[in-house]
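What follows is a set of notes on a single structure, which appears directly below.
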2 protein chains.
Amino acid sequence: MWHCQEVTSTSAVGAVRQGSLRELNLALVLGRIAAAPTPPSRADLAADTGLTRATVSAVVDDLINGRLVSEAAPAPRTGAGRPARGLVLADHGPAGLGLEVNVDYLAACVVDLAGTVRHHVVHRADLRPVSPADALARLAGLAAGARAAADREGLTLAGATLGVPGLVGAGGLVRLAPNLGWRDVDVPGLLADHPPLAEPVPGVPHLVVDNEANLGALGELHAGPAGARSFLHISGEVGIGAGIVLDGALFRGARGWSGEIGHIPIRPDGPPCRCGGRGCLERYAGQEAILTAAGLAGADLPADIATNRLAGLATAGDLAACGALHDAGTALGVAVSAVVNLLDLDTVVLGGGYATLAPWLRPPILTELSRRVLTTPWAEVTVRPAVLGPRSAAVGGAGSVARAIIARPAGWLARSG
Amino acid sequence: MWHCQEVTSTSAVGAVRQGSLRELNLALVLGRIAAAPTPPSRADLAADTGLTRATVSAVVDDLINGRLVSEAAPAPRTGAGRPARGLVLADHGPAGLGLEVNVDYLAACVVDLAGTVRHHVVHRADLRPVSPADALARLAGLAAGARAAADREGLTLAGATLGVPGLVGAGGLVRLAPNLGWRDVDVPGLLADHPPLAEPVPGVPHLVVDNEANLGALGELHAGPAGARSFLHISGEVGIGAGIVLDGALFRGARGWSGEIGHIPIRPDGPPCRCGGRGCLERYAGQEAILTAAGLAGADLPADIATNRLAGLATAGDLAACGALHDAGTALGVAVSAVVNLLDLDTVVLGGGYATLAPWLRPPILTELSRRVLTTPWAEVTVRPAVLGPRSAAVGGAGSVARAIIARPAGWLARSG
DNA sequence: ACAATTTGTTCAGTGGTTGAATTATTTGGC
DNA sequence: GCCAAATAATTCAACCACTGAACAAATTGT
């Protein structure tokens, strides 16, 4: 008579008109095709979704005609019966364009519906002395190349996402990117001079500008293990950012500025931080702090080179390097303990520069977690490096465009008939 | 050509069958009636939702027949035309039962669809020496009284929610309620001996057991200002818990154990905490810490009496009391800064015992926030006491049952025809 | 009294799902 | 080699819920 069960709060969706039924079922079926480990048949989908086979057939026809799905060999089966036709996401339909501006490189990539990276270019350059307009002009060049590559592959770019290392406000305005030296840069305005980078598709924004750590988290969500629905993705660059994925969706906060984990207070009376606070995490686990403690501060190397050298020293057993990483990991562990106590996450992903340094950061983080997290006796917390490695923002951004189409295929289908 | 806009991740809803259309529109229309500041007419709802007036009429007929909605005087209007008939949530339909077991009281209340508290009983008793079975037996007595009250008012109890000050696992198992002395208590099992407290309604669980701070947050969500969609509700009792509301939904975490803000590390090398960590917030801002600092530790008073006395001393300008509250507020401010940096929340609600102490806690919290939150220059953070006051969990739990029916009215309508 | 206006209902029409029957294509037994 | 069994996919009449327009109802203002 008594039993307990959660009521998942039905998110108040808008008006449900007549045609919404088809829209919803297109999204439902396409989502199942995307999530299936092997190419499902129409019959599998009918059994899986609860729709009738007739409806699934009609829906799948629409998806195939719209170049979102194509037929392939199904999962092998034994026994009698007409063989199934497997359904997979099309490799010749829409694709997402991912862009990234960071302190010492530009990147562009193209990701198709299945999440496969079909094109990826990284252009190394120190962007700090370059004006935002010039940096974005160079980026537009990379984007044009990516578009040509997409055309060659038979893909249609349906939207673009740009990652920047900073706070992004409404309308793509970059409020503050301290390590790039940007302040109140109107990115869409500056990119408007260049030819548009994607076809207009209803429901998919032409250009989204987002924090680099957020996009890294999205990349991890789609490229990482399928079960990971809630996790913290920490991006250790010059600053420390974090993308928070809750229940399979990026959580952006009231104004889109969530994830500023670098300024969580570790020691309230610690050394002052440029943010105005004291004892922020960045002062203990930021790139500068780690390199200084490891004795690599004077070299003034590009970030990725310095990180690799640090990893090399630590592998060789260098005491200063190991000590620096241990201390940084301990500080990270204190901050992550706060986050896990607050949000009850079961997974923490080390991304950005931390992806390379994960072997040394992980043990002290786990030590602090086991010491400070209340629920440790009942539940493990997994700490692992990002599967996409240190430069995941562009891929994550491009993937998020592809996922937007999978989440709402009706927009793409309405594009041109 | 370039513009920026978020793609809200369409949460993958289950199968969308034929009848789902009606289910969704029932929820849509009922939700608008619940959210409207004044009783809307059918025509208002049609304009508001985008459905046709014909559809709205049909949907409203179902809702009225199912005793979820009733007609009332509409908002006054000037000008010509047939007068509208206003629609309000029924005061004679389903209602939620809210229960709470806390350290020094039991509570039961009945909340109707509109969120009105129709019955509320608080039974003061020190529950620490009482066995869980006895405590729940007493609670069942209060619940029976609440059910009788609901019958007298013409209400039908559609579900119950029980709040406890501790970690709740799957199936309503209370893993740990330290201040109550409970460990691995099977609450639904112990309550099964007593007559069921609510009618079975599809889609509404008979009994949900949840953390008291979570329920307080839900109460705040529904009783507080309509605009508050994301906030942190801090419940300061013997321990310090928090309920996190994100985008209008309670965030429970991977295992339902989110909100353990009391064990966020404030000073990593601070005094040891009973959780095994060091320098946890609870050691600086927990009830015991505050009362000790204020010189009220020896009195061994019930929590609410002690809190009121402390507030009295602070009002009178007592230096020890003011200093204790200032220090506690500062520690809270450090922890809240971490949370706001991480989640970018725009509102923090002081609940539980903190509701009474808010006038003294607020200033030091704001000071720390302005110092430590990166986005302070662009965005204010509101810190305010809970509108439901210090004993909000039972009301919040009962309200969540009512909201579950509003979110999915089809279950209630299918109940008996 | 009557036009204007707004609300709410009725009703034929339509889009999309349903469920059963039908066709298509393979395996396995005789 | 042929046929029964089995599974996949399609076709089609029925049905459900929404749509849009016409209509009835109830009030205000001239």
Side-chain angles (χ1 to χ4, degrees), chain A residues 13-29 33 36 38-65 69-87 409-410 413-414, chain B residues 13-29 33 36 38-65 69-87 409-410 413-414:
Chain A
V13 75
V16 186
R17 321 182 62 79
Q18 176 76 253
S20 311
L21 216 58
R22 197 19 107 56
E23 278 185 33
L24 291 168
N25 282 333
L26 284 167
L28 178 67
V29 170
I33 293 173
T38 57
S41 66
R42 291 166 175 78
D44 292 337
L45 291 169
D48 191 21
T49 60
L51 298 168
T52 56
R53 286 181 310 221
T55 304
V56 170
S57 275
V59 167
V60 167
D61 279 353
D62 282 1
L63 293 173
I64 290 178
N65 287 335
V69 163
S70 49
E71 296 195 328
R77 177 181 53 82
T78 61
R82 171 176 168 175
R85 276 178 283 168
L87 298 169
L413 296 180
Chain B
V13 77
V16 185
R17 319 184 61 79
Q18 178 75 252
S20 310
L21 218 58
R22 202 12 120 42
E23 279 185 32
L24 291 168
N25 283 332
L26 283 166
L28 178 67
V29 169
I33 293 173
T38 58
S41 67
R42 292 166 176 78
D44 293 337
L45 291 169
D48 190 20
T49 60
L51 299 167
T52 54
R53 292 195 306 255
T55 304
V56 170
S57 273
V59 167
V60 167
D61 279 354
D62 282 1
L63 293 173
I64 290 178
N65 287 335
V69 162
S70 49
E71 295 195 329
R77 178 180 52 82
T78 61
R82 171 177 168 174
R85 275 178 284 167
L87 298 168
L413 296 180

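Order of the sequence lines sets the chain letters (A, B, ...), proteins ahead of strands, with each chain counted from 1.
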Nearest-Å distance, [atom1] ([X]) to [atom2] ([N])?
| X | N | atom1 | atom2 | value |
| --- | --- | --- | --- | --- |
| R42(B) | dA25(D) | CZ | P | 16 Å |
| L24(B) | dG16(C) | CG | C1' | 15 Å |
| R85(B) | dA24(D) | CZ | C1' | 13 Å |
| E23(A) | dG15(C) | CD | P | 15 Å |
| L45(B) | dT6(C) | CG | P | 18 Å |

Backbone N or O of [Y] within a donor-acceptor pair of the [X] side chain at under 3.5 Å?
| X | Y | answer |
| --- | --- | --- |
| D48(A) | L45(A) | no |
| D61(B) | A58(B) | no |
| S20(B) | E23(B) | no |

Minimum-distance nucleotide (side-chain atoms of L21(A) versus dA8(D), dG16(C), dG8(C)): dG16(C)
Output the distance between atom [atom1] ([X]) and atom [atom2] ([Y]), rounded to the nearest 0.5 Å.
| X | Y | atom1 | atom2 | answer |
| --- | --- | --- | --- | --- |
| L413(A) | L26(A) | CG | CG | 6.0 Å |
| L87(B) | D44(B) | CG | CG | 9.0 Å |
| S70(B) | L63(B) | OG | CG | 11.0 Å |

Taking OP1 and OP2 of [N], is either one under 4.0 Å from a side-chain nitrogen or oxygen of [X]?
| X | N | value |
| --- | --- | --- |
| S41(B) | dG8(C) | yes |
| N25(A) | dT17(C) | yes |
| R22(B) | dC18(D) | yes |

Review item, nucleotides 1-5 of chain C N/O atoms under 3.5 Å of protein N/O:
| unit_1 | atom_1 | unit_2 | atom_2 | d |
| --- | --- | --- | --- | --- |
| dT5(C) | O2 | G81(B) | N | 3.2 |

Taking the side chain as every heavy atom from C-beta outward, state whether [X] and [Y] have any pair of such atoms under 4.5 Å apart.
| X | Y | result |
| --- | --- | --- |
| R42(B) | R85(B) | yes |
| L28(A) | V59(A) | no |
| V69(A) | V29(A) | no |

Distance-minimising heavy-atom pair for A84(A) and S41(A):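 So the minimum-distance heavy-atom pair works out to CB-CB, 3.4 Å.
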Residue pair P39(B) / G86(B): nearest heavy atoms and the distance that separates them: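 Minimum heavy-atom contact is CB-CA, 4.0 Å.
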Close approaches to DNA chain D from residues 52-62 of chain A, in residue order (heavy atom, under 4.0 Å): R53(A), A54(A), S57(A)
Can you name the atoms? Protein N/O to nucleotides 1-4 of chain D N/O, anything below 3.5 Å, with the distance.
none

